[in-house]
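One structure is given here, and the rest of the page talks about it.
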Amino acid sequence: MTTLTPVLTRYWDDPQSWTIDTYRRHDGYQALRKALRMEPDQVIQTVKDAGLRGRGGAGFPTGMKWSFIPQGPGPDGTVKPHYLVVNADESEPGTCKDIPLMLATPHALIEGVIIAAYAIRAATAFIYVRGEVVPVLRRLQAAVAQAYEAGYLGRDILGSGFDLELIVHAGAGAYICGEETALLDSLEGRRGQPRLRPPFPAVAGLYACPTVVNNVESIASVPPIILNGTGWFRSMGSEKSPGFTLYSLSGHVARPGQYEAPLGITLRELLGYAGGVRAGHRVKFWTPGGSSTPLFTEEHLDVPLDYEGVMGAGSMLGTKALQIFDETTCVVRAVLRWTEFYAHESCGKCTPCREGTYWLVQLLRRVEEGRGTESDLDKLLDISDSINGKSFCALGDGAASPILSSLKHFREEYIDHLRSGGCPFDPARSTAWA
Ligand code: NAI
Ligand code: SF4
């Protein structure tokens with residue numbers, strides 16, 4: 001049985017966990033002191049050696065991303081400023097790890113920001129947070145003010161000669177602004193829409209300058225790595241997916257919440273810690289990494305939840321948002337809800353996603369209400385296929401994922417809706433109950 005490894009969450013139940021004093025009592029800002037005694041490249045190398053992978057969904061190696069920042073003058077002979085941008089725009093359905101982290105321990109994120117900015121030689125950093133989550137915004141702003149007062153931000157940090165300004169920026173609540181290049185456009189004051197990549201932000205990001213965009217959890221994982229070393233980090237998880245991470249369990253679970261565990265733990269083990277599926281019920285389907293990742297079923301309870309394990313089983317680890325649905329849930333209705341979300345949040349820049357998500361909603365609604373025919377299922381597959389891999393950004397692929405995977409695992413349930421003239425889970429609407 002894999003044991004839980006509370007690192008980032010270890011004192012979340014302290015009612016004062018968010019204050020700078022509590023953070024300092026738990027070794028807070030010690031990693032910063034250590035990092036400032038290292039050369040910036042040594043810090044990058046440490047994060048590379050640890051094997052930390054981005055916790056925002058894609059799992060790209062964090063140290064490698066930092067090392068892409070060009071040093072010295074560019075081809076035109078000028079030296080451009082570097083920026084660090086923290087993507088705190090968490091909004092993938094089911095994902096609820098960064099917001100609790102920022103509420104419980106904002107200084108863990110701030111310390112990570114200072115270390116990362118030092119490593120990539122950035123003098124300005126931004127935390128781009130969802131503006132409508134006002135308590136998080138206020139808590140971050142208060143914590144940043146405390147960090148300035150304590151000499152961790154501003155000029156000559158802890159006498160090291162390193163200067164850093166940190167700005168908390170409130171986004172306006174568009175899911176697409178979690179896509180890193182749309183986020184940068186939004187930060188620059190424009191309408192948030194994805195940019196063509198390459199160039200990646202590491203080469204041309206904010207104001208066309210080299211920029212690292214990292215997720216909250218990735219950055220907050222840096223101080224413990226600096227403090228405890230790469231061997232400690234690598235003693236958890238697997239060779240290709242080392243370390244600990246936050247799994248968010250939601251849905252039909254006895255004790256939903258954030259569970260911090262080594263990468264590679266299984267859902268069966270996590271359910272053991274979370275009190276299992278609600279009494280008297282069993283898992284029907286679940287998402288390994290938010291609604292953009294192909295659905296899993298009861299058959300997948302023993303899949304190791306690391307990047308390779310989940311991919312090998314046909315899905316993606318994504319944000320590690322494990323949404324659990326028991327046998328009382330209509331999969332067609334769940335997929336319809338997610339698709340409505342993607343259609344609403346589609347930024348409209350590319351045709352496959354803008355038009356495709358609209359038509360997916362129309363078809364799914366018809367099937368869910370039992371008004372369609374079996375040929376609608378083929379149309380759903382066709383449209384999903386026209387979106388998947390053919391859209392401008394990952395939102396399109398994410399929209400197609402639940403449809404393709406639910407039709408693979410639960411085609412019969414779609415057909416049941418057509419046969420029953422409505423949702424078989426809803427006695428009020430299905431003629432099968434008449
Ligand atoms: P990606 O794989 O294209 O890129 C990942 C990161 O690596 C980016 O920062 C990118 O700039 C960098 N990168 C990749 N190749 C590079 C190269 N050759 N040179 C320099 N940098 C490079 O993934 P993407 O589109 O950024 O993110 C998709 C993921 O986001 C999905 O897997 C999904 O799980 C997740 N997601 C998370 C959400 C959340 O709320 N946290 C919301 C929606 C999606
Ligand atoms: Fe916009 Fe969707 Fe195209 Fe992404 S895939 S650029 S969200 S229309």
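Side chains are part of it too, since the values below use all heavy atoms of this structure and drop only hydrogens, waters and symmetry mates. For ligands, and for the atoms within them, numbers begin at 1 and follow the listed sequence.
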| query | At what distance is the nearest protein heavy atom to atom 30 (O) of ligand 1, and which residue and atom is it? | reply | Gly56 O, 4.0 Å

| Does NZ or CZ of Arg53 lie under 6.0 Å from the centre of the six-membered ring of Tyr307, at an angle within 45° of the ring axis? | yes

| Gly318 heavy atoms, cut-off 4.0 Å: which ligand 1 atoms fall inside? | 34 (O)

| query | Which ligand 1 atoms are under 4.0 Å away from a heavy-atom of Tyr175? | reply | 42 (C), 43 (C)

| What are the two closest non-hydrogen atoms of Ala202 and Ile69, and how far apart are they? | O-CD1, 3.6 Å

| query | Under 30°, 30 to 60°, or over 60°: which ring-plane class applies to Tyr11 and His26, parallel, tilted or perpendicular? | reply | parallel

| task | Kindly write out the residues that satisfy salt bridge (Lys or Arg N to Asp or Glu O under 4.0 Å) with Glu413, not counting sequence neighbours, or none if the list is empty. | result | Lys284

| Polar proximity ligand 1 side, Ser91 side, N/O cut 3.5 Å exclusive | yes

| field | Closest approach of any protein heavy atom to atom 18 (N) of ligand 1, naming residue and atom | value | Phe200 CE1, 3.5 Å

Kindly list each side-chain donor-acceptor pair under 3.5 angstrom involving residues 167-174, sequence neighbours excluded, with atom names and distances?
none

| task | Could you name each residue pair satisfying ring pair (Phe, Tyr, Trp, His ring centres under 6.0 Å) that touches residues 380-409, not counting sequence neighbours? | result | His300-His409

| Looking only at side chains, do Thr9 and Gln258 share a donor and an acceptor under 3.5 Å apart? | no

| Among Glu180, Arg130, Glu92, closest by any non-hydrogen atom to atom 39 (C) of ligand 1 | Glu92

| message | Show the nearest heavy-atom pair for residues Gly398 and Tyr342, with the distance to one decimal. | response | O-CE1, 3.8 Å

| message | In terms of relative ring orientation, are Phe60 and Phe68 parallel, tilted or perpendicular, with 30° and 60° separating the classes? | response | tilted

| remark: Under 4.0 Å from one or more heavy atoms of Pro201, ligand 1 contributes atoms 11 (O)

| Side chain proximity check, Val283 to Glu299, heavy atoms < 4.5 angstrom | no

| message | Suppose I only count heavy atoms of Glu90 and a 4.0 Å limit; which atoms of ligand 1 are within that range? | response | 40 (O)

| task | Using non-hydrogen atoms of the residue, decide whether Gly178 is closer than 4.0 angstrom to ligand 1. | result | no

| query | Quick one: nearest non-hydrogen protein atom to atom 7 (O) of ligand 1, plus distance? | reply | Phe60 CG, 3.2 Å

| message | So for Thr95, does at least one of its heavy atoms come nearer than 4.0 angstrom to any atom of ligand 1? | response | no

| task | Check the angle between the aromatic planes of Tyr29 and Tyr152 and answer parallel, tilted or perpendicular using the 30° and 60° thresholds. | result | parallel

| note | shortest atom 5 (C) of ligand 1-to-protein heavy-atom contact is with Ala58 CB, 3.6 Å

| said: Can a side-chain donor-acceptor contact be found between Glu269 and Tyr259 if the only test is distance below 3.5 angstrom? | reply: no

| task | Below 4.0 angstrom from a heavy atom of Phe68, which ligand 1 atoms are there? Numbered from 1 as shown, please. | result | 19 (N), 20 (C), 21 (N)

| query | What protein N/O/S atoms lie closer than 2.8 Å to atom 2 (Fe) of ligand 2? | reply | Cys353 SG

| Considering all heavy atoms of both residues, which atom of His107 and which atom of Thr19 are nearest to each other, and what is their separation? | CD2-C, 4.0 Å

| Atom indices of ligand 1 within 4.0 angstrom of Gly57 heavy atoms, with elements | 32 (O), 34 (O), 35 (C)

| field | Check: Glu327 main-chain N/O paired with Thr329 side-chain donor or acceptor under 3.5 Å | value | no

| What residue and atom, counting heavy atoms only, is the protein's closest point to atom 25 (O) of ligand 1, and at what distance? | Arg197 NH2, 3.3 Å

| query | Of all the heavy atoms in Ser292, does at least one lie under 4.0 Å from an atom in ligand 1? | reply | no

| Glu179 near ligand 1, heavy-atom distance under 4.0 Å? | no

| Lys65-ligand 1 polar pair, N/O distance under 3.5 Å | yes

| field | For the student: nearest non-hydrogen atoms of Leu164 and Ala122, plus distance | value | CD1-O, 3.6 Å

